[in-house]
Amino acid sequence: MITMTQTKPEFWSKLSQRYARQAIADPAAYEATLQRTQTYLSSEDTVLELGAGTSSTALRLAPMVAQYISSDYSAGMTAIGRDKAFAASIPGLTVVEGALGNPALGTGPFDTILAFNLLHLLPDLESQLDRIAAHLRPGGLFISKSPCLKGRLGPISLVISVMQWIGKAPYLRKFSPDALEAMIAQAGFEVIESDSYPTGGRNQYIVARKL
């Protein structure tokens with residue numbers, strides 16, 4: 001059962017200050033993700049990042065492209081991201097509040113859409129993948145990194161379920177890497193790279209090209 005609390009922007013806004021203070025759990029894997037993503041970006045690209053949180057990744061990747069829109073539907077996350085972007089003063093970087101389909105994010109078509117640590121949080125994942133495809137130019141790239149939790153949570157799954165029931169944990173979509181690739185392909189993409197960082201880990205990095 002999915003509760004409204006688990007999917008409301010306010011849920012994430014309450015966590016935003018604590019989230020902003022957290023250290024990156026696996027710095028080496030994070031750096032590997034950034035370095036790999038940079039190889040797919042060019043200085044002429046227009047990029048949209050979905051579920052950008054406090055825009056930490058945006059600050060790293062925005063200098064590589066012509067225009068970078070960092071978006072999150074949580075007001076708290078977006079406010080922190082705007083402060084960071086203002087302090088960094090990166091040309092072409094815009095931080096906006098809203099989900100895909102909100103006019104504030106623009107209609108595209110974008111060269112690349114990014115979604116890091118987001119897809120497993122979407123109850124309507126299939127329809128969101130269709131929307132992502134609709135906002136990309138033909139041949140555009142969708143780059144994501146997602147925890148693939150199917151069969152990986154073990155005994156902690158019960159604890160998470162209890163926390164979800166009392167509104168203290170978000171909704172989690174549990175899928176395998178193969179299932180996620182299949183959903184992305186069904187939305188009109190060709191998967192051109194799929195790997196885990198670190199190798200054998202639960203976070204799957206997928207690059208897909210719009211057909």
Side-chain angles (χ1 to χ4, degrees), residues 7 9 30 32-53 55-74 77-78 81 85 90-148 173 175 177-197 203-211:
T7 57
Y30 179 67
T33 298
L34 290 180
Q35 291 171 17
R36 192 67 194 138
T37 301
Q38 289 174 17
T39 67
Y40 288 102
L41 303 178
S42 78
S43 59
E44 298 178 352
D45 284 349
T46 298
V47 176
L48 170 65
E49 183 182 355
L50 303 172
S55 294
S56 295
T57 296
L59 296 181
R60 297 285 301 274
L61 296 180
M64 313 293 173
V65 301
Q67 183 181 9
Y68 193 111
I69 300 172
S70 175
S71 70
D72 197 280
Y73 85 151
S74 160
M77 296 285 190
T78 305
I90 300 172
L93 172 59
T94 306
V95 179
V96 299
E97 179 186 344
L100 192 61
N102 186 317
L105 277 64
T107 57
F110 298 97
D111 297 298
T112 303
I113 294 180
L114 308 175
F116 298 131
N117 298 307
L118 173 67
L119 301 186
H120 66 301
L121 301 173
L122 302 178
D124 56 342
L125 176 55
E126 290 85 353
S127 63
Q128 288 298 315
L129 290 172
D130 289 338
R131 281 189 173 189
I132 288 169
H135 283 74
L136 278 168
R137 64 167 176 79
L141 298 179
F142 172 48
I143 304 177
S144 63
K145 186 175 183 182
S146 311
C148 294
R173 178 80 173 260
F175 43 67
D178 287 345
L180 179 56
E181 287 184 34
M183 283 187 279
I184 292 173
Q186 184 65 35
F189 291 95
E190 174 193 8
V191 175
I192 60 176
E193 179 181 348
S194 182
D195 203 351
S196 58
Y197 298 119
N203 295 315
Q204 196 73 10
Y205 178 80
I206 299 176
V207 182
R209 180 181 292 114
K210 179 179 176 179
L211 297 174

ask   = Which heavy atom in Ala208 sits nearest to a heavy atom in Ile184, and how many Å separate them?
value = CB-CG2, 3.7 Å
task = Return yes if some donor-acceptor pair links the side-chain N/O of Thr78 with the main-chain N/O of Asp72 below 3.5 Å, else return no.
result = yes
note = What one should report as the nearest heavy-atom pair of Gly81 and Val95 is O-CG2, 3.9 Å
Residue pair Phe189, Ile132: steps toward the side-chain contact (heavy atoms from CB on, under 4.5 Å) verdict = CA-CA 10 Å; Phe189 291 95; Ile132 288 169; 4.2 Å; yes
Lys145 side chain near Arg36 side chain, heavy-atom distance below 4.5 Å = no
query = With distance as the sole test, does Ser55 use its side chain to make a donor-acceptor pair with the main-chain N or O of Ala58 at under 3.5 Å?
reply = no
key: Flag side-chain contact, heavy atom, 4.5 Å: Pro147 against Asn203   = yes
query = Which pairs, with at least one residue in residues 129-141 and sequence neighbours excluded, count as a side-chain hydrogen bond (donor to acceptor under 3.5 Å, both in side chains)?
reply = Asp111-Arg137
task = Without swapping roles, check the side chain of Lys210 against the backbone of Gly140 for a donor-acceptor pair under 3.5 Å.
result = no
message = Just to verify, what does Ala185 make a side chain to side chain contact (heavy atoms under 4.5 Å, CB included) with, not counting sequence neighbours?
response = none
ask   = Looking only at heavy atoms, which two atoms of Ser194 and Glu181 are closest? And how far apart?
value = OG-OE2, 2.7 Å
query = Distance from Gln128 atom CD to Met183 atom CE, nearest 0.5 Å?
reply = 13.0 Å
inquiry  = I'd like to check the side chain to side chain contact (heavy atoms under 4.5 Å, CB included) partners of Ala99; sequence neighbours left out, ordered by chain and number.
reply    = Tyr73
Partners meeting side chain to side chain contact (heavy atoms under 4.5 Å, CB included) with Gln67 (sequence neighbours left out) = Thr46, Ile69
key: Gap between atom CD of Glu49 and atom OG of Ser70 - 0.5 Å precision   = 5.0 Å
inquiry  = Run the side-chain contact (heavy atoms from CB on, under 4.5 Å) test on Leu48 and Leu100 for me, step by step, so that the C-alpha distance in whole Å, both residues' side-chain angles and the decisive distance to 0.1 Å come before the verdict.
reply    = CA-CA 10 Å; Leu48 170 65; Leu100 192 61; 3.8 Å; yes
request  = Nearest 0.5 Å please: distance from the CG atom of Leu136 over to the CG atom of Leu211.
outcome  = 11.5 Å
message = Is there a side-chain contact (heavy atoms from CB on, under 4.5 Å) between Leu119 and Leu180? Walk through the geometry before answering.
response = CA-CA 9 Å; Leu119 301 186; Leu180 179 56; 4.0 Å; yes
inquiry  = Please enumerate all residues that pass side chain to side chain contact (heavy atoms under 4.5 Å, CB included) together with Ile143, with sequence neighbours excluded.
reply    = Thr37, Tyr40, Thr112, Leu114, Phe116, Leu141, Tyr205, Val207
message = For Gln186, I'd like to know if atom CD has over 12 heavy atoms of other residues, nucleotides or ligands within 6.0 Å.
response = no
task = Working to the nearest 0.5 Å, report the span between CG of Leu61 and OG1 of Thr57.
result = 6.5 Å
task = Go through the steps for Phe142 and Ile206 under the test side-chain contact (heavy atoms from CB on, under 4.5 Å), then give the verdict.
result = CA-CA 8 Å; Phe142 172 48; Ile206 299 176; over 6 Å; no
inquiry  = Can you pull out every side-chain hydrogen bond (donor to acceptor under 3.5 Å, both in side chains) where at least one residue sits in residues 95-105? Sequence neighbours excluded, please.
reply    = none
query = Looking at side-chain heavy atoms only, is the closest gap between Tyr68 and Ile90 below 4.5 Å?
reply = no
ask   = Does any non-hydrogen side-chain atom of Leu50 lie less than 4.5 Å from one of Leu105?
value = yes
